[in-house]
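Protein chains get the first letters and strands the later ones, always in sequence-line order, with residue 1 at the start of each. For the numbers below, each heavy atom of this structure counts, side chains included, while hydrogens, waters and symmetry mates do not.
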Amino acid sequence: MKANEELSDEEIIEKVRTSDKDLYALIINRYQKKLIRYANNLIKNEEKAIDIVQESFIKAFINLNSFDTKKKFSSWIYRIVHNQVENIRKKYKQETPLLEEWDFESKDDIEKDFEQKETIEKVEKCLKEIPLIYSEPISLYYIDEKSYEEISDILKIPMGTVATRINRAKIIIKKICQKN
Amino acid sequence: MSKELNITENVMQQINEGKIKMKPRIYFIAGSILTFVGLVFSITTSIFLINLIKFYFRTHGKMAEYRFEQMLANFPWWTALFAIVTLLLGIWLIKKYEFSYKKKPFLIIIGFVLAIIFVGIFVDIAGFNDSIIRKNGKMKNMMNGYYPKGYLNEIRPNR
């Protein structure tokens, strides 16, 4: 029998739903860092990002029975955070600063080829200057390492649109980086 | 990091104290069934109303200017309005389905609306309305006002 830590997200969710609610802590521990960074990228306010992530985990728990375990939990929880950020942005539109320092996690543990490392650096440097419509998919792709399909599921846009936005983001980033 | 630990603690504490509870599975199943029923209602109502509009135009003959004005004056506008409302309801319900965001939204909306208009017109051409008028029943009373005097004799010449 597998130890709980070795179980997939979906297997843990099934256990949380049926027998052991305490295992939900494992899920929170797995995702909170990534989600705080993701929310912070969107809302550019760490305090609010933490609140958003906490609220998202609560919402996810309440609606856990609506999650289809044949699908990826990570896309589902990212989508909840995305929606939560959208709600907060609508609510506090005036309060949200447009340009602030973006604080990305270090990528020490990520083994990437040179080209991708270079792209990550460029993304980190220039991401704050591009519109959210482009910065969100490109950060999900390069920083959170999501596939086009997962990004499509998170943002609820067609995969073709994901590809287009990422390509446009690359062009914009290239222009901005060259300008800088 | 301590803030992150707080998230786990805060959420788990609320779960263990029973402050937050999972919604039961039946809640989501009922939601899916209602969405499906709503969509079926929206599709059938839209088709029926579009079929009625097509029938109205067909039975009132060609659109010569005078007749067209007369038709507009007598036109049962509620059917058009209700058809639009049910179409919008259908589009909104379709957006709730998983597949809907995989395609471009305007393609789904245009496809949905065109399919309903096409089926609505086809239902009329297939003689659905004429067969209702031929039969005496509740539906026939509902159709009153959609066909002009004399149309009944056209489709039931033997009576």
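- Remark: B:Lys54 NZ is packed, more than 12 non-hydrogen atoms of other residues, nucleotides or ligands lying under 6.0 Å away.
- Under the 4.5 Å side-chain heavy-atom criterion for grouping Ile, Leu, Val, Met, Phe, Trp and Tyr, B:Ile116 is connected to B:Ile125 within one hydrophobic cluster.
- A 4.5 Å side-chain heavy-atom check between A:Ile28 and B:Met12 finds at least one atom pair inside the cut-off.
- Side-chain contact check for B:Ile7 versus A:Phe57: some heavy-atom pair is nearer than 4.5 Å.
- Both B:Phe41 and B:Leu52 belong to a common hydrophobic cluster when Ile, Leu, Val, Met, Phe, Trp and Tyr are linked at side-chain heavy-atom distances under 4.5 angstrom.
- Contacts between B:Lys21 and chain A at a heavy-atom distance below 4.5 Å involve the backbone alone (N, CA, C, O).
- Taking A:Thr161, A:Ile157, A:Leu64 one by one and counting their heavy-atom pairs under 4.5 Å with chain B, the maximum is reached by A:Ile157.
- Contact annotation for B:Ile20: both backbone and side-chain heavy atoms come within less than 4.5 Å of a heavy atom of chain A.
- Between B:Asn10 and A:Ile58, every side-chain heavy-atom pair lies at or beyond the 4.5 Å cut-off.
- If you tally non-hydrogen atom pairs under 4.5 Å between each of A:Asp68, A:Ile27, A:Asn63 and chain B, the highest count goes to A:Asn63.
- In this structure, B:Val11 and A:Tyr24 approach most closely via the heavy-atom pair CG1-CE2, 4.0 Å.
- Follow the hydrophobic side-chain contacts under 4.5 Å out from B:Leu88 and you never reach B:Ile110; the two are in separate clusters.
- More than 12 heavy-atom neighbours from other residues, nucleotides or ligands sit within 6.0 angstrom of CD on A:Glu86.
- Looking at A:Ile62, both its backbone and its side chain come within 4.5 Å of chain B, counting heavy atoms on both sides.
- B:Phe36 and B:Leu34 are assigned to two separate hydrophobic clusters, defined by single-linkage of ILVMFWY side chains at heavy-atom distances under 4.5 Å.
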Between B:Asn16 and A:Asp22, is the side-chain contact (heavy atoms from CB on, under 4.5 Å) condition met? List the steps. CA-CA 8 Å; B:Asn16 291 327; A:Asp22 290 335; 3.3 Å; yes
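- Neither the backbone nor the side chain of A:Asp51 comes within contact range of chain B, judged by heavy atoms closer than 4.5 Å.
- Here the closest non-hydrogen pair linking A:Arg17 and B:Met22 is CA-CE, 4.0 Å.
- Residues B:Val37 and B:Leu93 are members of separate hydrophobic clusters, defined by side-chain heavy-atom contacts under 4.5 angstrom among Ile, Leu, Val, Met, Phe, Trp and Tyr.
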